[in-house]
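No experiment lies behind these values; they were computed from the predicted model shown. The figures that follow rest on heavy atoms only: side chains count, while hydrogens, waters and symmetry mates do not. Each chain gets a letter, A, B and so on, in the order the sequences are listed, and its residues count up from 1.
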2 protein chains.
Amino acid sequence: MDMVTLQDIARAAGVSVATASWAINDDPKARIPQATRDRVRRVASELGYRRNALARGLARGHSDLIGFISDGVATSPFAGQVIRGAQDEAWRQGKILLIVDTGGDRKIEERAFEFMLERRVEGLVYSSWVHRRVDAPVGLAGVNAVLVNCYDRLGRLPAVVPDEVGGGLSATRLLLQAGHRRIAFINASARTPASVGRLKGYRQALSEAGVAYDPSLVIREKEADQESGYRAMREVMATGATAVFCHNDRTAMGFYDALRECGQRVPDDISVVGFDNQEVISAHLHPALTTVGLPQYDLGRLGIRALMARGDDSTNHPAAGSGGLEPQLVPCPLVVRDSIARI
Amino acid sequence: MDMVTLQDIARAAGVSVATASWAINDDPKARIPQATRDRVRRVASELGYRRNALARGLARGHSDLIGFISDGVATSPFAGQVIRGAQDEAWRQGKILLIVDTGGDRKIEERAFEFMLERRVEGLVYSSWVHRRVDAPVGLAGVNAVLVNCYDRLGRLPAVVPDEVGGGLSATRLLLQAGHRRIAFINASARTPASVGRLKGYRQALSEAGVAYDPSLVIREKEADQESGYRAMREVMATGATAVFCHNDRTAMGFYDALRECGQRVPDDISVVGFDNQEVISAHLHPALTTVGLPQYDLGRLGIRALMARGDDSTNHPAAGSGGLEPQLVPCPLVVRDSIARI
DNA sequence: GTGAAAGCGCTAACAG
DNA sequence: CTGTTAGCGCTTTCAC
């Protein structure tokens, strides 16, 4: 155990603790000669001194800790970049993340919350694995908090979410630009921000291009996974579509499978575009899948940024009057690969 | 800002801070009447009191924090369960994880290390995304630390890793039990714990079953990804193998692809078993892939357990004399699905 | 320029 | 049974 304290340093360097503190932290507004500064620091490193963040935090009144609660981001197959983005941004501001993955368990969430507050986190990010509406835990109000990849029912907390509409728009536009006019859409039937938003984008792109919206081209599948895509294939092909926009890459993967079993090929027989850019899938399908990425890293980064901005803003208002904070939309990047043919 | 302190509680409840402290923490060895306890706690909750972990940690001399440094676990597509396991176990012991994902960057690692030590973490887990040998960062020695999913060159730090040999053994045995005798193995050519271990297990199973080892059945691919499996298909089929053990699920996925393009089918034309149980792939291939799982959750859990055990053990010896701690092997569970046919 | 000293909020002897 | 008090290690105001 290295229990070298500032006192030890001060004594060894022949200065007072105050001076030692200033030297160690290189406090610019302490006017001590460079020589002293250097001497203290040298002594410190010789003795293997290390600041005690507990004591420091207690004295200064801040912890430099930011809480990050997720319902599965840390352990989900592909949302981890959110954490990376958050961490990088926090880091940049000299803060460190206290991460707890609740797995969606309210009990754990409650406890995590308690833990973080006890540790005097300077802000709290509450994030969801999948973009959705959440019931923000009671208590999140009254704390500097922001929602990431989810939004509150009442819009009382600032939120940072992917621009699903924009994503659907770019995916469909791409198909349109390649000359497609009959574009099927395998969508999830549950009303999620993703299914609603992407459909909206799809319709918007169609309308922009002067293509009439044909509801029969929209296949609704309960889940949006490999099975759905596999199952939906026949229906899609029956519509005579020359291209299909899949709700996500997993759906596209299933679609590829089914298609291949019928001896048909992407993109010759039909063009495909996915969503999510789940690399294990999209980058390795044959042919590689053109898709729309989720801006995970940016979600994390902007979440922290929003948090810190709010923190500075001492007015820290829990959302103006009406209670309708609009979520901040983060664009979804198009990832072009080989699954679209011009016609 | 809730800045209700113990003092406030004590005053409001008409007791001393000491008594308040005991009541709040429900200290069993403080002999105060239940009535007082209750009163204090009630006052505390009424006033919205919350312990200050910084002050508490400083006074008690421990932080209840455990550092978790990873080179990508948090952000990797499928290793996140390690964190979940670690977190659950830490939690069970009343500790909380301070996680930093370095992305393999030494600079960040260094800083993370510093950060954690300043925060007086009670132990440090150093984990790798992929099972490998690491150069444990200088400074890890002298701290209560354990390696997870990686091991030190010199075996000076306790390590917890998956049992690759056992995994290769069960995969191959399963094929053998289904009656296969000519079993190909698409392996990665780099000498990693995975490639070496799985091959060893494969050979061991063969030998157990009295099947001669035929080197020509082992296909070595530089990487072990979808492309490898895709590419290796021809070679595998040319050997006349009736089954193939793929180094991982991604390889199996590529193999499936290539096979289907030739109009052949799993498992009728050839049985396949993978490794990793990367669900996005294995559970959704057609037919679903029989594979060997990585014990991610357990790695995390056991890592923390080892750490805490070491911590208790005040003798905390940096590995006995010779310097050869054997890594703790965690079994890899077989996940049986539909890609094996009896012959 | 530098030091003394008063906290930060809590715990844990030690008294009573 | 309960209160007093001396720290825990550091920051920061205020004197010198």
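Both A:Gln7 and B:Gly14 lie close to DNA chain D; mapped to their nearest nucleotides by heavy-atom distance, the more 5′-ward contact belongs to B:Gly14. Map A:Val17 and A:Pro33 each onto its nearest nucleotide of DNA chain C; the residue landing nearer the 5' end is A:Pro33.
Using a 4.0 Å heavy-atom criterion, one finds that A:Asn25 contacts the sugar-phosphate atoms exclusively.
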Item to complete: Begin with the C-alpha distance, continue with both residues' side-chain angles, and end with the deciding distance and a verdict on side chain to side chain contact (heavy atoms under 4.5 Å, CB included) for B:Val125 and B:Ile69.
Response: CA-CA 6 Å; B:Val125 168; B:Ile69 295 187; over 6 Å; no
Practice prompt. With side chain to side chain contact (heavy atoms under 4.5 Å, CB included) as the test, would you mind laying out the steps for B:Asn52 and B:Thr5 before giving the verdict?
Written response: CA-CA 8 Å; B:Asn52 182 330; B:Thr5 77; over 6 Å; no
Discussion item. Run A:Asn149 and A:Arg132 through side chain to side chain donor-acceptor pair (under 3.5 Å) and show every step you take.
Written reply: CA-CA 7 Å; A:Asn149 207 31; A:Arg132 64 190 177 96; over 6 Å; no
Worksheet item: Should A:Glu118 and B:Arg56 be marked as a salt bridge (charged side-chain N to carboxylate O under 4.0 Å, His left out) after you check the CA-CA gap, both sets of side-chain angles, and the distance that decides it?
Response: CA-CA 10 Å; A:Glu118 285 190 358; B:Arg56 191 156 193 262; 5.8 Å; no
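Using a cutoff of 4.0 Å between basic side-chain nitrogens and carboxylate oxygens, A:Arg133 and A:Asp152 are not scored as salt-bridged. The pair B:Arg106-B:Glu109 meets the salt-bridge criterion, since a charged nitrogen lies less than 4.0 angstrom from a carboxylate oxygen. In this structure, B:Glu46 pairs ionically with B:Arg42, as a charged nitrogen and a carboxylate oxygen lie closer than 4.0 Å. Classification of B:Arg301 and B:Asp88 as a salt-bridged pair fails, no side-chain N sitting under 4.0 Å from a carboxylate O. Salt bridge status for B:Glu89 with B:Arg305: present, with a side-chain N to carboxylate O gap under 4.0 Å.
Residues of residues 53-60 of chain A having a heavy atom closer than 4.0 Å to DNA chain D, listed by number: A:Ala55, A:Arg56, A:Ala59, A:Arg60.
Shown here are the salt bridge (charged side-chain N to carboxylate O under 4.0 Å, His left out) partners of B:Arg119, two or more places apart in sequence or in another chain: there are none. Listed by chain and residue number, nothing satisfies the salt bridge (charged side-chain N to carboxylate O under 4.0 Å, His left out) test with B:Asp105 (two or more places apart in sequence, or in another chain).
Summarising the geometry of B:Val40 relative to B:Val15, their closest heavy-atom pair is CG2-CG2, 4.1 Å, with the distance given to 0.1 Å.
Overall, the helix from C:dG1-D:dC16 to C:dG16-D:dC1 carries an axis bend of 40° between its ends, with five pairs at each end and the value rounded to 10°.
Mapping heavy-atom proximity under 4.0 Å, the span of DNA chain C touched by chain B runs 5' to 3' from C:dG9 to C:dA13. On the nucleic acid side, DNA chain D has its first and last nucleotide under 4.0 Å of a heavy atom of chain A at D:dG9 to D:dT13, going 5' to 3'.
With no hydrogens or angles considered, no side-chain donor-acceptor pair links A:Tyr126 and A:Asp71 at under 3.5 Å.
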